[in-house]
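Down below is the structure, laid out as structure tokens.
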Amino acid sequence: MDVDEKYFSNITSRERAIFEGAISMGALFHQFVGTPVNKSSKKSLETSMEESLKLQPAIEDVDVKIRFDKLEESMSDFDYTSLTGDMLDVKVYTKVKDVQATIRIEFIEELNYPLMYVEDIH
């Protein structure tokens, strides 16, 4: 079966590149926010998040950074905290045919919000 023809012929490659990155970013956010994390598990959590998203269609690469400053601010007396949206700085790179898109989430101080947006398309 030609999945592209059957399910995606009604949208452009540009729209599909954005779609694939956006649903992956939403999945990452809602799957991992709330995960217990501390300074020593930070890197392995970043890697797990990257590797899981790379399995999804059209995802070329993923770069996950958990902001150390936000992690440190949130640490409890029990030497861990739960991952929150303001700790995330993530880029998802997609490619559909000749279109590449970068979808990003980062905490925007002026908005006091972890904003997901289309950072680049080419």
Side-chain angles (χ1 to χ4, degrees):
M1 171 193 324
D2 184 350
V3 173
D4 288 338
E5 179 61 32
K6 184 168 182 174
Y7 296 101
F8 296 103
S9 62
N10 61 333
I11 62 174
T12 66
S13 296
R14 182 179 193 275
E15 292 167 331
R16 174 117 188 256
I18 293 168
F19 169 79
E20 295 293 350
I23 62 170
S24 294
M25 186 67 77
L28 175 137
F29 186 87
H30 291 290
Q31 180 177 354
F32 288 100
V33 165
T35 300
V37 62
N38 67 14
K39 295 172 194 172
S40 64
S41 69
K42 175 185 166 299
K43 182 62 182 155
S44 64
L45 182 57
E46 289 170 339
T47 300
S48 295
M49 294 166 78
E50 290 170 352
E51 294 300 317
S52 68
L53 258 64
K54 287 178 188 177
L55 297 173
Q56 296 180 25
I59 305 301
E60 282 204 312
D61 202 8
V62 180
D63 182 29
V64 174
K65 299 284 186 268
I66 297 172
R67 291 182 50 183
F68 191 79
D69 61 327
K70 295 289 186 180
L71 175 64
E72 211 165 39
E73 283 175 17
S74 299
M75 291 300 292
S76 71
D77 291 339
F78 299 104
D79 196 35
Y80 86 97
T81 189
S82 295
L83 185 69
T84 57
D86 65 337
M87 295 177 192
L88 294 174
D89 188 350
V90 179
K91 291 184 181 184
V92 175
Y93 303 91
T94 62
K95 184 173 184 182
V96 175
K97 296 184 182 171
D98 63 339
V99 178
Q100 294 177 309
T102 305
I103 309 303
R104 185 168 186 184
I105 183 172
E106 68 176 318
F107 187 76
I108 307 296
E109 297 290 340
E110 298 84 26
L111 301 174
N112 192 33
Y113 188 76
L115 187 67
M116 291 182 201
Y117 61 95
V118 179
E119 184 176 73
D120 190 31
I121 299 174
H122 55 277

With side-chain contact (heavy atoms from CB on, under 4.5 Å) as the test, would you mind laying out the steps for K39 and F68 before giving the verdict?
CA-CA 8 Å; K39 295 172 194 172; F68 191 79; 3.7 Å; yes
If you measure from CG on D61 to CD on E50, what distance do you get to the nearest 0.5 Å?
7.5 Å
Shared ILVMFWY cluster between I105 and I18, side chains joined below 4.5 angstrom?
yes
Hits for salt bridge (charged side-chain N to carboxylate O under 4.0 Å, His left out) against E109, two or more places apart or cross-chain, chain-then-number order -> R67, K70
Hphob cluster co-occupancy, F107 + V62, side-chain heavy atoms under 4.5 angstrom:
no
Identify, with sequence neighbours excluded, every residue that meets side-chain hydrogen bond (donor to acceptor under 3.5 Å, both in side chains) alongside D120.
H122
For E60, the salt bridge (charged side-chain N to carboxylate O under 4.0 Å, His left out) test, sequence neighbours excluded, returns none
For the hydrophobic clusters of this structure (ILVMFWY residues joined by side-chain heavy atoms under 4.5 Å, transitively), does one cluster hold both L45 and V64?
yes
Determine, for D4 against R16, whether the closest basic-nitrogen to carboxylate-oxygen distance falls under 4.0 angstrom.
yes
A17 and T94 have their tightest heavy-atom pair at O-OG1, 2.9 Å
Each residue besides I108 in its hydrophobic cluster should be listed here, by chain and number; the cluster joins Ile, Leu, Val, Met, Phe, Trp and Tyr at side-chain heavy-atom distances under 4.5 Å.
L111, Y113, L115, Y117
Residues forming a side-chain hydrogen bond (donor to acceptor under 3.5 Å, both in side chains) with S41, sequence neighbours excluded
N38
Looking at residues at least two apart in the chain, or sitting in another chain, which of them share a salt bridge (charged side-chain N to carboxylate O under 4.0 Å, His left out) with E51?
K54
Non-neighbouring partners of S9 that pass side chain to side chain contact (heavy atoms under 4.5 Å, CB included), sequence neighbours left out
E5
Using a cut-off of 6.0 Å, state whether more than 12 heavy atoms not belonging to Y80 lie near its atom OH.
no
Report yes if the side chains of D89 and R104 come closer than 4.5 Å at any heavy-atom pair, otherwise no.
yes
Going only through I, L, V, M, F, W and Y residues with side-chain contacts under 4.5 Å, is there a path from M1 to V96?
no
Should L88 and L83 be marked as a side-chain contact (heavy atoms from CB on, under 4.5 Å) after you check the CA-CA gap, both sets of side-chain angles, and the distance that decides it?
CA-CA 8 Å; L88 294 174; L83 185 69; 4.0 Å; yes
Kindly compute the distance separating CZ (F32) from CD1 (I66), expressed to the nearest 0.5 Å.
9.5 Å
Run the side-chain hydrogen bond (donor to acceptor under 3.5 Å, both in side chains) test against T84 and tell me which residues pass, sequence neighbours left out.
D86
So, using side chain to side chain contact (heavy atoms under 4.5 Å, CB included) as the criterion, who are the partners of T81 when residues are at least two apart?
V37, L71, S74, M75, M87
Heavy-atom nearest pair, G85 first then V33, reads N-CG2, 4.1 Å
Output all residues satisfying side-chain hydrogen bond (donor to acceptor under 3.5 Å, both in side chains) with K95, sequence neighbours left out; order by chain, then residue number.
none
Around atom CG of N10, are there more than 12 heavy atoms of other residues, nucleotides or ligands at under 6.0 Å?
yes
Starting from I103, can I reach F19 by hopping between I/L/V/M/F/W/Y residues whose side chains sit under 4.5 Å apart?
no
Please output the side-chain donor-acceptor pairs of residues 21-30 that fall under 3.5 Å, not counting sequence neighbours, one pair per line with the distance.
{"from": "S24", "atom 1": "OG", "to": "E20", "atom 2": "O", "distance (Å)": "2.9"}
{"from": "S24", "atom 1": "OG", "to": "Q56", "atom 2": "OE1", "distance (Å)": "2.6"}

Would you check if M49 and T35 make a side-chain contact, meaning some heavy-atom pair closer than 4.5 Å?
no
Considering residues at least two apart in sequence or located in another chain, which fulfil the salt bridge (charged side-chain N to carboxylate O under 4.0 Å, His left out) criterion with E46?
K42
